[in-house]
Amino acid sequence: MKDAYFPQEIEKKWQKIWEEKGTFKTPDSSDKPKYYALSMFPYPSGKLHMGHVRNYTITDVIARFKKMNGFNVLHPMGWDSFGLPAENAAMKHGANPETWTDENIAYMTKQLKMLGLSYDWDREVATCKPDYYKWTQWLFLQLYKKGLAYKKEAAVNWCEECGTVLANEQVIDGKCWRCDHIVEKKYLSQWFLKITDYAEVLLEDLDKLPGWGDNVKTMQANWIGKSQGAILRFKVVEKDLEVPVYTTRPDTVHGITYLVVAPEYKDIEELTTPENKEAVEAYRANARKMTEIERLSTDRVKTGVPLGTHCINPFTGEKFPLWTADYALVEYGTGAVMAVPAHDTRDFDFAKKYNLPLKVVIQDTQNPSDCKDAAYTEPGVLVSSNEFNGMGNEEAKKAITQKAVDGGFGEFKTQYRLRDWLVSRQRYWGAPIPVVYCDKCGIQPVPEEQLPVLLPKDVDFSVVGKSPITTSKTFVNTTCPCCGGPARRETDTMDTFVCSSWYYLRYSDAKNDKMPFAKDKVNKWLPVDQYVGGIEHAILHLLYSRFFTKALRDIGLLDFDEPFKNLLTQGMVLKDGSKMSKSKGNTVDPDEIFENYGADTARLFILSDSPPARDFDWSDAGVEGCYKFLNRVWRLISSNADNISLNYPELKAGSLKKKDNDDLLRVIHMAIKGITNDISNDFQFNTVISKYRELVNAIYDWQNKKPELDDEDKNILSFAIVSLIKLMSPVAVHLTEEAWHDLGSEVSIHDVEWPKWDENLAKASSITLVVQINGKVKDKIEADEALSQDELKALALNSEKVKELTQGKTIVKTIVVPKKLVNIVVK
RNA sequence: GGGCAUGUGGUGGAAUGGUAGACACGCUAGUCUUAGGAACUAGUGCUAACGCGUGGGAGUUCGAGUCUCUUCAUGCCCACCA
């Protein structure tokens, strides 16, 4: 064995051997139980960043740990390879998005291999390849047949910079999620997936996911945004029309003083009197011009104009005016709001500005308010509400809605904030939506046997203001599959999130050319046992994937209803306290780390300092420290190579004659136990690594006291080193393999079993008895573990320290915690 | 405005209600070296000391970093959603 540690040399060598031998291939059939470990697949942007390194290292260690513990582990990798950056790069460099993407995939694959990740590359998928997107299109058609994909004209989010529409989930603070450009509203005919059909079950089934963090579940629940309320219908005085409103506060219905409709409300023109027409038109025109950001700003003073018409409150017979104001949203509820200024802060602000009256109908009996200065929105008792006076407001919600139901002017209503998923994109580099338009036959799905609808090659990427795909001469014009007449192809492609909503299913049967996946294989491997990825996907990808799984289950393609059993959302990688980004110039290039220190150091360091779920602060000194530690491990093994045998006898409790050897045996068993538990319990790799260091420190300490080694010493040393190599093998994958072979093994360290501990040996031989007085530590006494509670008590009371401190005081009580502590309570 | 996290040495962070600060980074001495940003050894929460210490304040308990209430700060997510 070489004296010095040369990671670059070792790593290249073993990566080649593993690949040749197929060390990490996953057989479909095995008598072992299955385990599916999955990292969120990357967009092939060009190079790996440290967030990737962290993500994939975490999953890799999990996969290796499970494999060593007797599981048949599926650990695949692929590419989320459709998307706008490829197209932008194509425009900029005059290249084809496909070429750009392929080059990036090739480079990043090389980097992943340098990291020593245990992927089964035979199952690799890339969403931009026809053998994959054929099945994305096929799945789209199944959803279409099931009525879950439909086309409609709607107000949609438009990003001018990207030249395409965006899903609701992709608009962040009124800006495009990708380019930060301000998003506008446009009326366009677009394809949607009916995720709202699954709103209730997507919400309910969050309870079936104990292996997900509450933060993610709460974010999804908030996004789905279920609320229970009522629809109430109000008759218009001047017209034969009704205005329905959705409210969660039917208990305040007697306090309505006006009613607001959104500027885009469908009946607004009908509801406007000729005298008010000009002002209303001007207000609506202005609302159209405003960006989402301006309109959604909470600080903005509320504005509105009266329509001139009135409604009747069926509960009171009162007549009140109709207004339009942009604080009413056309997409939510009915697009109209009943205004109760006394009990809603928004209505209050608006009423104040326009001098509209307010009427108090809910009172806190202890501390009544006249609501002159602020709306009262807390629970209370009804007043000025006819027969409901004196009723608690929660009870009144039901009673009042029931009255509306009985009177035929309302009903109970459950409302969700979730909107249908807009999947059309006016871009080239995506899976073409497989439909054609025929003047005679209308919308026609492309017959399944004609899939895939291939992306055309004859396109001009330099066009502005329209999708490059529309420049193809060969793509657009086609024949109708129904009548055979001339027809036009759909030129929209699918949102990349459609492609990534089912990739984890494809890994179970990546080469299948008859189906997206065989049912038996998908049912065997899924659900994913452990999914690892960034929190930024808490809503988008994770919600869409859950929807897809449920929809495909209902179509009959698979038999489970949640795709990811356990979810680990890893924290960000920071440098100098802020997120690594090119614009801040605080990025660290993984290639440089591989080159200077090797992949094992990178893997060790990225796991070492923070628990996986927390943010991780990159420090150059930390990398250096991990490199030094691996050198220390290497020296420990290489300097002892002659004293270590892989065939040492089994070392049981009491089998060693020397006390220091017995102590080391205990330390080893404690390390095995601690490390195993730390990995099993939420993957606390940071403490796992501190335990590697403790074990190494203990072996060095032991050895420093032994100038000469006899047979017993050599046996315990062999056991120590072999255990250390096994325990470190999921993290330092190359170093441990090299050492393992240098010590004479013919088998890969990655095919051995995880070490086991003996419970009797995994604890110290003696205990430190902690002696407290009134809960404060006053003394510590070395004691035999076998002592009874009474003996421990006597021992504590006999302590000089205790005698001194309790002198002249009364001992009220003594608490004895077996094997640990005595607390003496004195007065 | 609503929700969810998180507050522990100079720093990253450890601690089934039972020894707070494991393990590191950093720092201080020393050994070996032509040299060392290598390796090894010793030390390192604060305080001169009694003691004091887990953002602040209360509470439960024999005992609280941990549980409860309250308050402050930071971060993230959502947000005129009626």
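To find a chain, count down the sequence lines: A is the first, B the second, and so on, and within it residues start at 1. Atom set for the values below is all heavy atoms of this structure, side chains included, hydrogens, waters and symmetry mates excluded.
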* Once you apply the 3.5 Å cut-off to both distances, tell me the Watson-Crick or G-U wobble partner of B/U31, or none. => B/A39

* Expressed in whole Å, how much space separates the P atoms belonging to B/C76 and B/C69? -> 26 Å

* So what does A/Gln684 touch, heavy atoms closer than 4.0 Å: a base, only the sugar-phosphate, or nothing? -> sugar-phosphate

* To do: Indicate, yes or no, whether a donor-acceptor pair under 3.5 Å links the base of B/C62 to the side chain of A/Asn823.
  => yes

* Structure fact -> Across every strand shown, the nucleotide meeting Watson-Crick or G-U wobble geometry with B/A5 (both distances under 3.5 Å) is B/U74

* Rounded distance in Å - CG (A/Asp615) to C1' (B/G12) -> 12 Å

Show me, pair by pair, the donor-acceptor contacts under 3.5 angstrom made by side chains of residues 683-690 of chain A, not counting sequence neighbours?
{"unit_1": "A/Gln684", "atom_1": "NE2", "unit_2": "A/Asn681", "atom_2": "O", "d": "3.1"}
{"unit_1": "A/Thr687", "atom_1": "OG1", "unit_2": "A/Asp678", "atom_2": "OD2", "d": "2.8"}
{"unit_1": "A/Thr687", "atom_1": "OG1", "unit_2": "A/Gln684", "atom_2": "O", "d": "3.0"}
{"unit_1": "A/Ser690", "atom_1": "OG", "unit_2": "A/Thr687", "atom_2": "O", "d": "2.8"}

* Asked: At under 4.0 Å between heavy atoms, what does A/Arg417 touch on the DNA or RNA strands: base, sugar-phosphate, or nothing?
  -> base

* Under 4.0 Å: is that the gap between some side-chain N or O of A/Tyr332 and OP1 or OP2 of B/A82? -> yes

* Nearest whole angstrom, please: distance from the P of B/C77 to the CD1 of A/Ile224. => 19 Å

* To do: Could you check which nucleotide pairs with B/G17 in any of the strands shown, counting Watson-Crick or G-U wobble with both distances under 3.5 Å?
  => none

* Could you tell me whether the side chain of A/Lys820 has a donor or acceptor atom within less than 3.5 Å of a complementary atom in the base of B/U16? => yes

* Whole-angstrom distance between B/G63 and B/G18, as gauged at atom C1' -> 7 Å

* Asked: Base, sugar-phosphate, or nothing for A/Val777, non-hydrogen atoms under 4.0 angstrom?
  -> sugar-phosphate

* Is A/Lys813 touching bases, backbone alone, or none of the nucleic acid, heavy atoms closer than 4.0 Å? -> sugar-phosphate

* Hey, are A/Glu394 and A/Lys397 close enough for a salt bridge, meaning a charged N less than 4.0 Å from a carboxylate O? -> yes

* Structure fact -> From CG of A/Leu543 across to P of B/C77 the rounded distance in Å is 17 Å

* Among side-chain atoms of A/Ser638 and A/Tyr5, is any donor-acceptor pair under 3.5 angstrom? -> no

* Asked: Picking from B/C78, B/C23, B/G18, which would you name as closest to the side chain of A/Leu821?
  -> B/G18

* **pair A/Thr569-A/Trp212: side-chain heavy atoms closer than 4.5 Å** => no

* **Candidate nucleotides B/C23, B/A82, B/G12, ranked by approach to the side chain of A/Asp609 - the nearest** => B/G12

* Asked: Base, sugar-phosphate, or nothing for A/Glu694, non-hydrogen atoms under 4.0 angstrom?
  -> sugar-phosphate

* Can a donor-acceptor pair under 3.5 Å be found between the side-chain atoms of A/Lys302 and the base atoms of B/C80? -> yes

* A/Lys780, nearest nucleotide to its side chain (from B/U19, B/C25, B/A14) -> B/U19

* Structure fact -> Scoring nucleotides 34-47 of chain B by protein non-hydrogen atoms under 4.0 Å (B base, S sugar-phosphate only, - none) yields ----SSSS------

* **Integer angstrom distance from the C1' of B/U16 to that of B/G9** => 25 Å

* To do: Could you check which of B/C25, B/C23, B/G13 has an atom nearest any side-chain atom of A/Ala621?
  => B/C25

* To do: Could you measure between the two P atoms, the one in B/G65 and the one in B/U8, and give it in whole Å?
  => 15 Å

* Asked: Whole Å only: how far is the CG atom of A/Leu574 from the P atom of B/U74?
  -> 18 Å

* Asked: Does any donor atom in the side chain of A/Gln228 or A/Thr248 lie under 3.5 Å from an acceptor atom in the other side chain?
  -> no

* Report which part of the nucleic acid A/Val825 touches: base, sugar-phosphate, or nothing (heavy-atom distance under 4.0 Å, all strands). => sugar-phosphate

* Option among A/Trp323, A/Phe348, A/Tyr258 that satisfies the ring-ring contact (aromatic ring centres under 6.0 Å, His included) test with A/Tyr354 -> A/Trp323

* Distance between the P atoms of B/U19 and B/G36, in whole angstroms? -> 43 Å

* Atom pair distance, as rounded to whole Å: OH in A/Tyr416 and P in B/A79 -> 19 Å

* Please say which of A/Leu307, A/Asn313, A/Leu322 ends up in a side chain to side chain contact (heavy atoms under 4.5 Å, CB included) with A/Leu259. => A/Leu322

* Taking OP1 and OP2 of B/G63, is either one under 4.0 Å from a side-chain nitrogen or oxygen of A/Asn774? -> no

* Distance between the C1' atoms of B/A22 and B/U54, in whole angstroms? -> 15 Å

* If we only count heavy atoms from C-beta on, is the A/Val340 to A/Thr247 side-chain gap below 4.5 Å? -> no

* **Under 3.5 Å on both distances, the Watson-Crick or G-U partner of B/C69** => B/G57

* Structure fact -> Of the candidates B/A82, B/A24, B/C80, the side chain of A/Asp326 sits closest to B/C80

* Has A/Lys353 got more than 12 heavy atoms of other residues, nucleotides or ligands less than 6.0 Å from its NZ? -> yes

* In the strands shown, is B/C46 matched to any nucleotide by a Watson-Crick or G-U wobble pair with both distances under 3.5 Å, and which? -> B/G51

* Using a cut-off of strictly less than 4.0 Å, decide whether A/Ser690 has a side-chain nitrogen or oxygen near OP1 or OP2 of B/A24. => no

* Asked: Do A/Lys691 and A/Met670 have side-chain heavy atoms sitting under 4.5 Å apart?
  -> no

* Starting from P on B/G10, measure out to CG on A/Asp617 and report it in whole angstrom. => 18 Å

* If you measure from the C1' atom in B/C25 to the same atom in B/U31, how many Å do you get, rounded? -> 23 Å

* Taking the P atom of each, how far is B/G45 from B/C50, in whole Å? -> 15 Å

* Pairing partner (Watson-Crick or G-U wobble, both distances under 3.5 angstrom) of B/G63 -> none

* Using whole Å, report how far CD1 of A/Ile815 lies from C1' of B/G63. => 7 Å

* Using heavy atoms to find the nearest nucleotide of RNA chain B for A/Thr248 and A/Asn697 separately, return the residue whose nucleotide is more 5′. => A/Asn697

* Distance, rounded to the nearest Å, where A/Lys673 contributes NZ and B/U16 contributes C1' -> 11 Å

Donor-acceptor contacts under 3.5 Å from residues 626-637 of chain A side chains, at least two apart:
{"unit_1": "A/Asn631", "atom_1": "ND2", "unit_2": "A/Tyr627", "atom_2": "O", "d": "2.9"}
{"unit_1": "A/Arg632", "atom_1": "NH2", "unit_2": "A/Asn697", "atom_2": "OD1", "d": "2.7"}
{"unit_1": "A/Trp634", "atom_1": "NE1", "unit_2": "A/Lys2", "atom_2": "O", "d": "3.0"}
{"unit_1": "A/Trp634", "atom_1": "NE1", "unit_2": "A/Asp3", "atom_2": "O", "d": "3.4"}
{"unit_1": "A/Trp634", "atom_1": "NE1", "unit_2": "A/Ala4", "atom_2": "O", "d": "3.2"}

* Does B/A22 have a Watson-Crick or wobble mate here (both distances under 3.5 Å), and if so which one? -> none

